[in-house]
Protein chains: 2
Amino acid sequence: MDGLAVATGQAGLPVLGGDPCERADAKRNREKILAAAETLFAERGTEAVSMDAVAEAAGVGKGTLYRRFGDRSGLARAILDERDREFQEKFIRGEPPLGPGAPPVERLVAFGEGVIDLIADYGDLIMAAQLGKAGARFAGPVYATYRMHVHGLLRDIDPRIDADYFADIVLASLNAEMYGFWKSDVGLDKTRISSGFRQLVTSIAGTAA
Amino acid sequence: MDGLAVATGQAGLPVLGGDPCERADAKRNREKILAAAETLFAERGTEAVSMDAVAEAAGVGKGTLYRRFGDRSGLARAILDERDREFQEKFIRGEPPLGPGAPPVERLVAFGEGVIDLIADYGDLIMAAQLGKAGARFAGPVYATYRMHVHGLLRDIDPRIDADYFADIVLASLNAEMYGFWKSDVGLDKTRISSGFRQLVTSIAGTAA
DNA sequence: ACGCTAAGCGGACTACTGTCCATATTGCAA
DNA sequence: TTGCAATATGGACAGTAGTCCGCTTAGCGT
């Protein structure tokens, strides 16, 4: 407790889709914004698109954009949300080895591969969603969900593992920025990254002293 | 390989201290800026200080500030540089167990504890140094040095370890943002974090299949 | 001491993020 | 249909990061 101040609390922003009591115009605008942002991000790259540009392309004012999504990373998160939901569905209720039924080590490895696939496809969107303030990576419901899942699997693997610690280690090894660094600077390919992750999980599972 | 673009290349900025051919006025200004920034950061917290404020407190123009330090994170890095140098000295040439002489597992554990101490003391400065663009964490000479050190130790521990992969895993587990998250949100204390790190290193060392 | 040149300097300037509030619109109730 | 309260809207606004370029100054050779 000292020089640290991480913004981790989830601000109560209406980031996620489909509020049931959403006014018709609000819904229309939300969809226009998401469509415009998705297009612009894909066309020009996430970092090169200003919020003004998104608002203009969507035909709404800046205030609307910020009201709905809070900030730049909130917008990115909202775009990712759908894909994420699909993946979460798979590891919570889907088929083994990702879903319930397989041994926990298998499930954890499959989870890692799923996240790596997600990163490979949506890496810069994920990074945009985590950029901004310190600790953004840990804020928000997605990290919490992933963390709880990994936490549970680690406990299943071996209750002696300090799951509070190792859950974040596992997730840190599935970080989008690091993936980019490995690809561009270190020269690791996806196979090697997956294989490294498998070894990491095996290591953690093996020595729960 | 696709939606990823991480800014990792080290821009050739004169961030580090003591250019031998530094003009007297430049040196004077550099020192004034560093002193002013250090004070302001300590007084108000890293995030609450604008670059303008630093420039004004130092009695120099904004152009000078940016010329010398490139951007906000460069300024933070420069402030950290001295402490960092000291630590690097210790693990490269200092006494065991941090320095050469101790078995590599011991050295790695000691290294981790050193970094954790650094984070405990200078956490938000470190975070400021890494904030900004995606991949900032991996850019710069400090990460490279740490990485090389860990890489070497891992090879010493067991050449079968994929050191290219695990070096970054080890460093990811010594991340300042994560430390803040652990402290504030998970409720881990420093002892538990150190102990977790020790277990991680042991795990990696143990199962080099 | 003097003048030259390369380097440093600083503040005006642009672009962007995020806030705020007067106005417009919606959905409901009478 | 009409009036009303709640909510959404959008553009003006303030604050900050980072760039640029004409001016100044240090350091050096004579």
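Just so it is clear: chains get the letters A, B, ... in the order the sequence lines come, proteins before strands, and each one is counted from 1.
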* To do: Apply the test side-chain contact (heavy atoms from CB on, under 4.5 Å) to residues B:S195 and B:Q199: give CA-CA distance (whole Å), side-chain angles for both, the deciding distance (0.1 Å), then the verdict.
  => CA-CA 6 Å; B:S195 150; B:Q199 283 171 48; 3.5 Å; yes

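- Between B:R67 atom CZ and D:dT24 atom C1' the separation is 13 Å, expressed in whole Å.
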Kindly list each side-chain donor-acceptor pair under 3.5 angstrom involving residues 137-146 of chain B, sequence neighbours excluded, with atom names and distances?
from   : atom 1 : to     : atom 2 : distance (Å)
B:Y143 : OH     : B:D168 : OD1    : 2.6
B:T145 : OG1    : B:P141 : O      : 2.8
B:Y146 : OH     : B:D84  : OD1    : 2.7

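- Taking atom CD on B:E56 and atom C1' on D:dA17, their separation rounds to 17 Å, with Å as the unit.
- The nearest whole Å value for the distance from the CD atom in B:E47 to the C1' atom in D:dG15 is 16 Å.
- Atom P of nucleotide C:dT26 and atom CG of A:N29 are separated by 10 Å, given to the nearest angstrom.
- Residues B:F87 and B:V115 form a side-chain contact, since some pair of their non-hydrogen atoms from C-beta on lies under 4.5 Å apart.
- Here B:D81 pairs with B:R85 in a salt bridge; the nearest charged N to carboxylate O distance falls below 4.0 Å.
- At a threshold of 4.5 Å between non-hydrogen side-chain atoms, the residues A:R107 and A:P100 count as touching.
- Taking only side-chain atoms of B:T64, from C-beta outward, the nucleotide of C:dC9, D:dA8, C:dT26 with the closest atom is C:dC9.
- Between the A:E177 side chain and the B:G135 main chain, a donor and an acceptor come within less than 3.5 Å of each other.
- Of the residues in residues 33-42 of chain A, none lies under 4.0 Å from DNA chain C by heavy-atom distance.
- Spacing between atom NZ of A:K32 and atom C1' of D:dG10 amounts to 12 Å, rounded to whole angstrom units.
- Here the P atom of nucleotide C:dG8 and the CZ atom of B:R30 are 12 Å apart, to the nearest Å.
- More than 12 heavy-atom neighbours from other residues, nucleotides or ligands sit within 6.0 angstrom of CD on A:E43.
- Rounding to whole angstrom units, CZ of residue B:R68 and P of D:dG18 are separated by 18 Å.
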Give each protein N/O atom lying under 3.5 Å from an N/O atom of nucleotides 15-19 of chain C, with the pair distance.
from   : atom 1 : to    : atom 2 : distance (Å)
C:dT17 : OP1    : A:R72 : NH1    : 2.8
C:dT17 : OP2    : A:M51 : N      : 3.1
C:dG18 : N7     : A:K62 : NZ     : 2.9
C:dG18 : O6     : A:K62 : NZ     : 2.6

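- Side-chain proximity of B:R23 to D:dG27, D:dT9, C:dC9: nearest is D:dG27.
- With respect to B:R192 and A:D164, a salt bridge is recorded, a charged nitrogen being found less than 4.0 Å from a carboxylate O.
- Crowding of B:E31 atom CD: a count of heavy atoms from other residues, nucleotides or ligands under 6.0 Å exceeding 12.
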